[in-house]
Engineer: 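Take this structure, written in structure tokens, and hold onto it; I'll ask about it next.
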2 protein chains.
Amino acid sequence: MFLEIRHLRSLLAIDEATNLARAAEQVHLTQSALSHQIKALEAYYGAPLFLRNTKPLRLTLAGQKLLELARRVLPEIAGVEKELLRLAKGETGRLHIAIECHACFEWLMPVLDAFRRRWPEVEVDIRVGVSFDPIPALQKGDIDLVISSDPLELNDVVFEPLFEYEARLVTARAHPLAEKSYIEPGDLAGEILITYPVQRQRLDVFTRFLQPAGVEPLAVRQSELTAVILLLVASQRGVAVLPDWVLNETIQKGGLATRPLTAQGMKGLLYAALRRPEHDVLYLREFIELARDRDLPEI
Amino acid sequence: MFLEIRHLRSLLAIDEATNLARAAEQVHLTQSALSHQIKALEAYYGAPLFLRNTKPLRLTLAGQKLLELARRVLPEIAGVEKELLRLAKGETGRLHIAIECHACFEWLMPVLDAFRRRWPEVEVDIRVGVSFDPIPALQKGDIDLVISSDPLELNDVVFEPLFEYEARLVTARAHPLAEKSYIEPGDLAGEILITYPVQRQRLDVFTRFLQPAGVEPLAVRQSELTAVILLLVASQRGVAVLPDWVLNETIQKGGLATRPLTAQGMKGLLYAALRRPEHDVLYLREFIELARDRDLPEI
DNA sequence: TAATTATCATGAGATTCATTCATTATGTTT
DNA sequence: AAACATAATGAATGAATCTCATGATAATTA
């Protein structure tokens, strides 16, 4: 209930210096202070730590035990302290990202690759937001960044805009809807719609396009993987609605066509949500920059 | 240069209690003190340790690092502190014994066996005093107890009397000197004397018996082991002078005889030398008791 | 939404505690 | 034995740390 790290440091210094005065210098104290310190320790433990009748001050068994402790413990402490200072300077840290949209993998992976090269010491992880609400998790410190398309007004969380996207219908090039210059909700009434396996409230097609118009597609099929969805669409098993960043890359290859939803196109804005106090953490800022300037594949 | 063990204890308590007030109780402080403490730590590292906008106080990454440190380090410290308190109470310790006389092995071994059963935690060792001066080594803390037959007046060392012994001449039972009721120095002038392999100044036969009378034996042979010396004597290769504790046991068996040196017998007193401050250490006192009451083999 | 409760933060004053300065005591060396 | 080096001591200072009282904030309940 009394031993402190400073005592261990003193002990180590005394052992190295074999002389109170020099040891005192090393720990930025006076010889007197050290003498008082070890006297207090000895009183506390009820046992001498040094043999007093010899001049090159020698440790007793008890003193040796404490010294061993110091040798084991002090380097460990020093290591953690160094790490904490780096943490404070923002040179290292944790970046656990929650994404609400499956499709975000498509652009997030390359961005994270670039990020990792730049900040190798930051511990990176992605959690797909299925079973938990990401914003409360962010507030509670379980995760550090949320990719979201609907910003909220919160006083402990900031939403940084990343980039605009457009959700477009994807069909086979031979599909009749590929003839139209833009798609209206009614166009999907007779179509099989292929989506990611999440609730409808979390899919723009339903919340912003079909449900407002009271339209229900012929059927809904689900698939986890973007590549699989595109494959199904190409082979005329259905149509899908996907953000443009997924499409730019792949439409050329497969026999696919994309068309805007509504005449104006269904646009959205993607945000990165952060805890407000970490708003200025260097590596987080850089992640946001990387996400904004992510390698845009040509159309 | 600032983190102290008390901080680690507080951190651990807070994490366990999830609540400053209860944690404060655990470390015998007020809630306020804890709050100030972590505030100071955060100021020192320039990084928050807890997320402040949540009520069940949660650790940040930095806080977690410190907590991990606490979990690793505190038990180690607790262990050493417990050991130190036992050391102070004299329940454990070190008993490194230096002996000046070879023959002492004979009674010391059984005594140490008994001692070890009684004080299993005390670290026992024996060093035969050949290359170093045992009393200075005792003063310097290299060893903890010296078996010696010539006590000194020192203010940091006490000499505890153990027991009296008598140095006697050992011969084969058929040897002419076995006829005499006691031995005079001149009797050895024509004899081969077998001794332990140490300097003459450290052998009573020379310092107290032969040299004062100016007598030199016919020859001197040496052997490390008491058993070998007795064997040589039994087979008439020479005579030896040994303390009685060695002899009592063995004379019956071999064809040996023992005779006193001089009419009065050459008696001596064996001492245990200790550092004065350790004079009252329990296990040292008990060692001395055991040495005094060592199992006396019948004559 | 307001009221209540639980919890943490803050500031000022009190206290403890570590440190320093000056000096004495002790051991070591010549 | 003297001179030197080193450690121990005591009193005074000052900084660090605590407590008390209170304010602020989040969580819970009505």
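First the proteins, then the strands, lettered A, B, ... as listed; each starts at 1.
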Engineer: Taking OP1 and OP2 of C:dA9, is either one under 4.0 Å from a side-chain nitrogen or oxygen of B:Arg52?
Structural biologist: yes
Engineer: Report yes if at least one side-chain N or O of B:Lys39 is closer than 4.0 Å to OP1 or OP2 of C:dT10; otherwise report no.
Structural biologist: yes
Engineer: So A:Leu34, base contact, sugar-phosphate only, or nothing? Heavy-atom distance under 4.0 Å.
Structural biologist: nothing
Engineer: Going by atom types alone, do B:Glu81 and A:Tyr45 pair a side-chain donor with an acceptor below 3.5 Å?
Structural biologist: yes
Engineer: Between A:His36 and B:His36, just flag the one whose closest nucleotide in DNA chain D comes earlier from the 5' side.
Structural biologist: A:His36
Engineer: Roughly, in whole Å, what's the span from NZ in A:Lys140 to P in D:dA26?
Structural biologist: 12 Å
Engineer: In whole Å, what is the span from the CZ atom of A:Arg58 to the C1' atom of C:dG27?
Structural biologist: 15 Å
Engineer: Mind calculating the distance between CD1 (B:Ile38) and P (D:dT17) to the nearest angstrom?
Structural biologist: 15 Å
Engineer: D:dA15 P sits how many Å from A:Leu29 CG, rounded?
Structural biologist: 15 Å
Engineer: Please check if the side chain of B:Asn19 supplies one atom and the backbone of B:Arg22 the other of a donor-acceptor pair under 3.5 Å.
Structural biologist: yes
Engineer: Atom CD of A:Gln31 and atom C1' of D:dG10: how far apart are they, to the nearest Å?
Structural biologist: 13 Å
Engineer: Which of these nucleotides, D:dT6, D:dA8, C:dT7, is closest to any side-chain atom of A:Arg22?
Structural biologist: D:dT6
Engineer: Go nucleotide by nucleotide along DNA chain D from the 5' end; which of A:Ser35 and B:Ala33 gets its closest nucleotide reached first?
Structural biologist: A:Ser35
Engineer: Can you measure B:Asn19 atom CG to C:dA9 atom C1' for me and round it to whole angstrom units?
Structural biologist: 14 Å
Engineer: What is the distance, rounded to the nearest whole Å, between atom CG of B:Leu59 and atom P of C:dC8?
Structural biologist: 12 Å
Engineer: Think B:Gln37 has a side-chain N or O under 4.0 angstrom from the OP1 or OP2 of D:dC18?
Structural biologist: yes
Engineer: Specify whether B:Phe2 and B:His7 have parallel, tilted or perpendicular ring planes, treating 30° as the upper limit for parallel and 60° as the lower limit for perpendicular.
Structural biologist: tilted
Engineer: Quick one: closest heavy-atom pair of A:Val124 and A:His96, and the distance?
Structural biologist: C-CD2, 4.4 Å
Engineer: Rounding to a whole Å, what distance do you find between A:Leu41:CG and C:dA18:C1'?
Structural biologist: 12 Å
Engineer: Would you call the rings of B:Phe287 and B:Phe115 parallel, tilted or perpendicular if under 30° counts as parallel and over 60° as perpendicular?
Structural biologist: perpendicular
Engineer: D:dA7, D:dT9, D:dT17: which one has an atom nearest the side-chain heavy atoms of A:Ser32?
Structural biologist: D:dT9
Engineer: Any side-chain N or O of A:Arg6 under 4.0 Å from OP1/OP2 of C:dA18?
Structural biologist: yes
